[in-house]
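Only heavy atoms go into these numbers, but all of them, side chains included; no hydrogens, no water, no symmetry mates. Keep in mind that what you see is a predicted model, and the values were worked out from it rather than measured.
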Amino acid sequence: MRFDLLILAGVWTLWCLGHSLLAADPVKQRLCRRLQGASFCYRLFYNGVAMVTLIPVLVWSSTLPGVALLAWGGPWRLLQWSLWFFAGWLVWSGFRVYPLKEFLGIDGLRRPGASQPTPLLVTGGVLGLVRHPWYLAVLLLLWSRDLNAPALVSSLVLSGYLLVGALLEERRLKRQFGRLYVDYQSRVPMLVPWRWLLSRVTAIFRRWH
């Protein structure tokens, strides 16, 4: 295996570990104390560090040479564009249901010192289709692009990180919401909207029969 691919896998792994470390509750609590309890400042810091460290890795990985392993062409382009459209719809739909200003950390800038709202379990909109629509969107984008060896390594490491991240998020939400989240888990798939797909296939089958 090429040495630069091993380095790339290691760099992505370090980025994922660092991203996870910043999201860990002990680190979050310590940073919030240093920021005098301003959790919105933590969100700004967390998102800023993620973006600043992500961009150079993306740029460097895109410059690495590699023979094409998967190229979407011919009629497969239609499938690729469909996956891109679905991923874009998942991102857009997520913006409509997530408390985005709180997620980005900019809400506290407009109302500093305000008490934090009581967390609510949101299950409407796209969250009635899958529990983690943005994770699914990123997975679709990772695997619906043309792949050479560096892109394949990046996709494998990031996909593993997303899957582990989704499972850890599930544990956190179960601790936070208890039985309410367990019931939600029983109704809505985590990543693959198989119930929605099954209902569409069933509807088409009934229409033609």
Less than 4.5 Å apart, any side-chain heavy atom of Thr13 and any of Val157?
yes
Set of side chain to side chain contact (heavy atoms under 4.5 Å, CB included) partners for Ala166, sequence neighbours left out:
His132, Tyr135, Met190
For Leu140 and Leu83, the nearest pair of non-hydrogen atoms, with its separation, is CD2-CD2, 4.1 Å
Work out which heavy atom in Ala149 is nearest to a heavy atom in Leu5; give both atom names and the distance.
CB-CD1, 3.8 Å
Set of residues satisfying side-chain hydrogen bond (donor to acceptor under 3.5 Å, both in side chains) with respect to Arg96, sequence neighbours excluded
none
Can you name the side-chain hydrogen bond (donor to acceptor under 3.5 Å, both in side chains) partners of Trp72, sequence neighbours left out?
none
Apply side-chain contact (heavy atoms from CB on, under 4.5 Å) to the pair Leu163 and Leu167, showing each step before the final yes or no.
CA-CA 6 Å; Leu163 293 174; Leu167 293 174; 5.7 Å; no
The criterion is side-chain hydrogen bond (donor to acceptor under 3.5 Å, both in side chains); which residues satisfy it with Asp4, sequence neighbours excluded?
Arg2
I need the minimum non-hydrogen distance between Val126 and Pro133, along with the two atoms involved.
CG1-CG, 3.8 Å
What residue pairs, at least two apart or across chains, pass side chain to side chain donor-acceptor pair (under 3.5 Å) with a residue in residues 85-94?
Trp89-Ser93
Tell me, which pairs form a side chain to side chain donor-acceptor pair (under 3.5 Å) where one or both residues lie in residues 148-158, sequence neighbours left out?
Trp12-Ser154, Arg145-Ser155
For the residue pair Gln80 and Ser144, what are the closest heavy atoms and their distance?
NE2-O, 2.8 Å
side-chain contact (heavy atoms from CB on, under 4.5 Å) assessment of Val192 paired with Leu136:
CA-CA 8 Å; Val192 181; Leu136 174 58; 5.8 Å; no
Pair Leu191-Val130, side-chain contact (heavy atoms from CB on, under 4.5 Å): steps then yes or no:
CA-CA 6 Å; Leu191 287 172; Val130 289; 5.7 Å; no
Heavy atoms only: give me the nearest Pro150-Leu64 pair and the separation to one decimal.
CG-CB, 3.7 Å
Under the side-chain hydrogen bond (donor to acceptor under 3.5 Å, both in side chains) test, residues paired with Tyr184 that sit two or more places apart:
none
Counting only N and O atoms by type, is there a donor-acceptor contact under 3.5 Å from the side chain of Arg131 to the main-chain atoms of Val188?
yes
Set of side chain to side chain contact (heavy atoms under 4.5 Å, CB included) partners for Trp81, sequence neighbours left out:
Arg77, Trp84
Under the side chain to side chain contact (heavy atoms under 4.5 Å, CB included) test, residues paired with Pro56 that sit two or more places apart
none
Quick one: CG on Leu180 to CG on Leu121, what's the gap to the nearest 0.5 Å?
5.0 Å
Taking side chain to side chain donor-acceptor pair (under 3.5 Å) as the cut-off, I'd like each qualifying pair that reaches into residues 157-167, sequence neighbours left out, listed once.
His19-Tyr161, Trp143-Ser159
Check whether Leu69 and Leu139 end up in the same hydrophobic cluster, where Ile, Leu, Val, Met, Phe, Trp and Tyr are linked by side-chain heavy atoms less than 4.5 Å apart.
yes
Check side chain to side chain contact (heavy atoms under 4.5 Å, CB included) between Val182 and all other residues, then give those that pass, not counting sequence neighbours.
Lys174, Arg179, Gln185
pair Leu70-Asp146: side-chain heavy atoms closer than 4.5 Å:
no
Ala9 and Val153 have their tightest heavy-atom pair at CB-CG1, 3.8 Å
Got a second to check how far Leu14's CG is from Leu21's CG, nearest 0.5 Å?
11.5 Å
Pairwise side chain to side chain donor-acceptor pair (under 3.5 Å) hits with a residue in residues 48-66, at least two apart:
Trp15-Thr53
At what distance, to the nearest 0.5 angstrom, does CZ of Arg195 lie from CG of Leu129?
11.5 Å
